[in-house]
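Everything on this sheet refers to the single structure shown next.
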Amino acid sequence: MSISTKYNPKEIEQKWYDSWMQRGFFRSTPNPKKEPYTIVIPPPNVTGVLHMGHMLNNTIQDVLIRRARMQGKEACWVPGTDHASIATEAKVVAMLKERGINKSDLTREEFLKYAWEWKEKYGGIILEQLKKLGASCDWDRTRFTMEEDMSAAVIEVFVDLYRKGQIYRGVRMVNWDPQGRTALSDEEVIPKDTMAKMYHLQYEVVLEDASGEKTYITVATSRPETIMADVAVAVNPNDERYTHLHGKSVRIPLLGKEVPIILDEYVAIDFGTGALKVTPAHDLNDYELGQKHKLQVIDILNDDGTLNEMAQLYVGQDRFAARRNIVKDLQEAGLLAKIEEYKSVLQTSERTGAVIEPRLSMQWWCKMDKMAKPALEAVMEDNIKLHPPKFKNMYRSWMENVHDWCISRQLWWGQRIPAFYLPDGSHVVATTAEKALELARKESGNEQLQLSDLRQDEDVLDTWFSSWLWPISVFDGFKDPDNKDILYYYPTNDLVTAPEILFFWVARMIMAGFEFRNELPFRNVYLTGIVRDTQGRKMSKQLGNSPDPLDLIEQYGADGVRAGMLFSSPAGNDLLFDEKLIEQGRNFSNKIWNAFRLIKGWEVDESLLCPNETAIKWFESRFNEAFVQIEDHFSKFRISDALLSVYKLVWDDFCSNYLEMIKPAYQQPIDRQTIDTTVSFLEKVLKVLHPFMPFLTEEIWHDLKQRKEKEYLIVASWPKVEQFDKGLIEKMDRVLNVVGAVRNVRNSKNIANNKALDLAIKATSGADYEQFLGIIRKLANIEEVSFVEDSLDGAISFVEGGDEFFIPMEGNIDVAAERERLQKELEYTKGFLVSVDKKLSNERFVSGAPEAVITNERKKKADAEAKIHAIEQSLAAL
RNA sequence: GGGGUGUUAGCUCAGCUGGUUCAGAGCACCUGCCUUACAAGCAGGGGGUCACUGGUUCGAAUCCAGUACGCCCCA
């Protein structure tokens with residue numbers, strides 16, 4: 001038989017994925033006989049392509065869902081995408097531009113037609129990519145946040161909350177792109193470091209006594225053209241320079257309009273001149289200051305960045321032209337004290353490059369305070385657990401200072417806000433235009449109103465306003481609140497997502513859960529870190545520092561990539577991605593593959609007796625010991641630790657130790673009992689490996705034996721925690737230490753591995769080596785083992801567990817070097833003994849420390865004493 | 001500015017309830033091996049003042065306070 005020495009993932013991954021799909025292993029339907037285990041995917045952006053963050057996130061989800069499936073739960077992982085209004089709309093606009101079409105030339109309906117066309121063509125690529133990763137989602141349940149039912153839920157929720165008084169209209173400062181004539185989200189604004197100018201302007205102080213000499217207050221600003229929108233000048237009440245001006249007014253330069261001097265500690269005394277012009281319509285901080293002091297708001301800008309009538313001066317000019325002109329005029333009027341250069345951050349539009357204007361506009365808001373309360377409690381009381389828990393603090397501080405949620409977006413791609421304006425400017429809210437008309441007639445008392453009299457709001461809802469309903473709406477919990485899916489699967493179990501959206505998304509899902517189903521949406525939230533490059537930078541397209549995940553899968557295999565990602569990804573910590581990790585994952589695949597090859601290659605001789613009882617008992621115990629640990633890691637969402645435990649179990653215990661113990665000599669057959677047991681061990685190992693490395697393990701599972709039609713590893717039963725012989729494991733540890741010591745002697749004395757040595761044991765500790773002799777001989781390549789009463793002359797010796805071991809060297813021994821080595825070890829051990837003695841003679845230690853600790857110290861003391869005695873014997877024998 | 005969080009081997013990180021899982025893993029490094037499962041491997045080895053300073057304690061990488069530096073979130 002010839003099996004490649006290298007595991008070749010390419011040949012088998014697609015085969016098994018298809019096979020799983022065909023047999024419906026990913027599919028889930030409510031089964032009252034089984035415990036449900038549900039995960040809803042954090043819906044990726046429908047326009048997105050798989051990046052490293054998705055890989056990490058979805059690998060973790062797949063590990064969880066595969067393990068649950070094997071545990072016999074009804075595992076359901078619901079996939080889908082969200083419509084990502086801003087990102088998608090930007091892509092559609094870009095596509096149209098390539099075709100020479102301007103969005104502004106299209107009607108809303110025309111644009112949406114293009115958008116859907118685009119979505120059908122390019123959308124959801126990411127879901128296909130997830131399949132390459134091995135994601136075992138129930139694809140029949142794939143949802144999209146803008147599909148009909150999901151959208152209906154969104155509209156229904158909007159209307160419901162509006163009726164409850166939870167949704168209102170209000171003014172908000174937005175990032176305005178005057179070129180694109182649209183509001184932008186913070187994510188679409190690119191800050192650029194630039195040198196800006198700070199203009200120091202003279203505001204004349206209004207004095208009762210007009211005859212006196214004019215006095216001025218100097219105000220620094222980077223945007224002098226906005227002075228026409230000024231409504232006050234603010235100074236810090238503690239700023240002694242301005243104490244004499246408290247309660248006075250000033251005149252806006254050029255305009256001559258009087259505005260008050262107001263006092264507020266917000267003003268930084270040491271920045272600029274310590275006097276701040278207050279322009280609520282064009283600066284967020286000024287807006288808040290204005291609100292606080294109940295000041296007027298004067299908006300002097302048009303949509304396109306030109307000045308409007310309110311400005312009185314420079315009307316119709318672009319803001320930058322106006323700035324040039326006003327600077328010139330101020331200079332001429334002698335009101336410009338000086339111009340300073342300073343480093344500043346300019347906000348620019350990602351899409352048009354235009355300088356962003358902070359601008360006030362009317363938006364829709366969702367109140368948060370009431371809904372935040374139960375959502376905060378649920379997390380604080382651990383009804384919903386965050387992993388790692390350190391995020392509780394962050395969550396709390398956010399939820400305790402929660403701001404109302406701005407839910408409208410000036411876009412077309414998304415659910416259109418179901419608010420309808422009447423000719424008189426008032427509005428009604430209803431799920432359909434017809435219902436709105438009915439309502440409008442009733443509320444206005446005007447029965448003559450027609451559909452054509454109503455004008456629907458132009459804006460759409462924030463995408464998060466769809467996705468906060470996700471865990472409910474994927475099971476049609478709005479359309480049909482008592483359907484059997486939602487009753488069975490909801491609340492879901494675990495959510496895996498990034499801490500960046502803990503507030504945007506997770507918190508709001510919790511709110512929605514309580515608001516609409518009176519129940520939390522999930523029990524555990526596993527927060528992954530951010531995948532960064534080796535220099536700690538975020539991965540981004542601009543930097544080009546992100547590898548293409550599909551290339552990695554192609555190169556290293558999906559299993560290798562999955563394992564590699566998880567090797568270094570403790571929950572909540574960023575992962576510095578290094579291809580070396582993936583390489584390690586691939587190497588691990590290969591290691592398992594070769595263990596399989598070894599076992600598969602053995603011929604069985606039925607007449608042989610089993611010589612490996614100890615090894616078999618030991619590995620059985622060792623497996624169970626490791627498995628307990630693995631389960632413990634899983635229960636605490638330490639996925640990375642769980643994998644590492646599996647890794648060590650497979651590589652160190654199974655391959656390096658167990659297989660070496662039982663391996664027959666070259667071309668010798670193996671006995672029936674050993675091979676059968678070993679195959680069952682490998683099967684158990686494959687099971688715990690499967691969630692991490694599904695393809696490779698399924699392949700070996702089938703190569704190992706002929707399987708029945710539905711006898712797949714993906715649905716094989718997860719091992720159960722069993723008792724194990726701790727004593728045997730400890731004994732074997734000691735034996736393996738002896739083996740290690742022999743190997744060390746070989747290495748340091750340059751003795752080839754294939755040269756067999758003899759070993760004499762002077763056992764005084766009472767340890768039983770008898771049943772391990774075969775193992776010692778095999779692993780350390782020992783020809784003859786003997787037990788002796790006295791130390792051996794002319795031998796290299798070492799001490800392990802209080803017993804002395806001798807390797808006869810036929811006189812070829814460097815006595816001086818040996819003496820030195822032993823002397824050194826003796827001194828170290830004596831020093832160790834002193835420290836232990838010190839502890840034990842400390843009365844406060846003996847009386848204060850728990851019994852177990854003291855017993856341990858006593859044992860340490862005894863061991864050290866035995867070792868010292870043994871070394872002294874060896875020294876004497878030299 | 002407010003809050004959070006971190007600093008452990010050359011690098012990336014574990015270390016959970018203070019004490020034998022206590023100083024650990026992987027990578028990198030050094031030495032020797034193509035020993036018929038695996039060089040994507042095997043055997044062995046070196047490497048740390050647990051950021052710093054105090055405190056609590058019989059005992060601190062671990063708990064507390066302060067300092068320095070880093071990162072994250074909010075403004």
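Keep in mind the model is a prediction, meaning the values are calculated, not measured. Computed over heavy atoms, backbone and side chain alike; hydrogens, waters and symmetry mates excluded.
Checking the phosphate oxygens (OP1, OP2) of B:C11, no side-chain nitrogen or oxygen of A:Lys580 falls inside 4.0 Å. The side chain of A:Lys663 places an N or O atom within less than 4.0 Å of a non-bridging phosphate oxygen (OP1 or OP2) of B:A37.
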Heteroatom pairs (N/O) under 3.5 angstrom, protein to nucleotides 19-24 of chain B:
none

Using the 3.5 Å cut-off, write out each protein N or O paired with an N or O of nucleotides 43-47 of chain B and the distance between them.
residue	atom	partner	partner atom	Å
B:A43	O2'	A:Asn747	ND2	3.2
B:G44	O4'	A:Asn747	ND2	3.1

Nucleotide N/O to protein N/O under 3.5 Å, stretch nucleotides 4-7 of chain B:
residue	atom	partner	partner atom	Å
B:G4	O3'	A:Asn393	ND2	3.4
B:U5	OP1	A:Asn393	ND2	3.0

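Rounded to whole Å, the separation between the P atoms of B:U7 and B:G46 comes to 27 Å.
Look at CG on A:Leu696: it is 13 Å from C1' on B:C38, rounded to the nearest Å.
Within 4.0 Å (heavy atoms only), A:Asn781 reaches no atom of the nucleic acid at all.
Residue pairs satisfying the salt bridge (charged side-chain N to carboxylate O under 4.0 Å, His left out) criterion with at least one member in residues 625-646 of chain A, sequence neighbours excluded, are listed as follows: A:Arg67-A:Glu631, A:Arg622-A:Glu625, A:Glu625-A:Lys726, A:Asp632-A:Lys636. The salt bridge (charged side-chain N to carboxylate O under 4.0 Å, His left out) analysis of residues 551-564 of chain A, with sequence neighbours excluded, yields the pairs A:Lys10-A:Glu554, A:Asp62-A:Arg562.
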Pair assignment for RNA chain B - dot-bracket with | for other-strand partners, Watson-Crick or G-U under 3.5 Å: (((((((..((((.....[....)))).(((((.......))))).....(((((..]....)))))))))))).

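Of the listed nucleotides (B:G32, B:A40, B:A37), B:G32 has the atom at the smallest distance from the side chain of A:Asn750.
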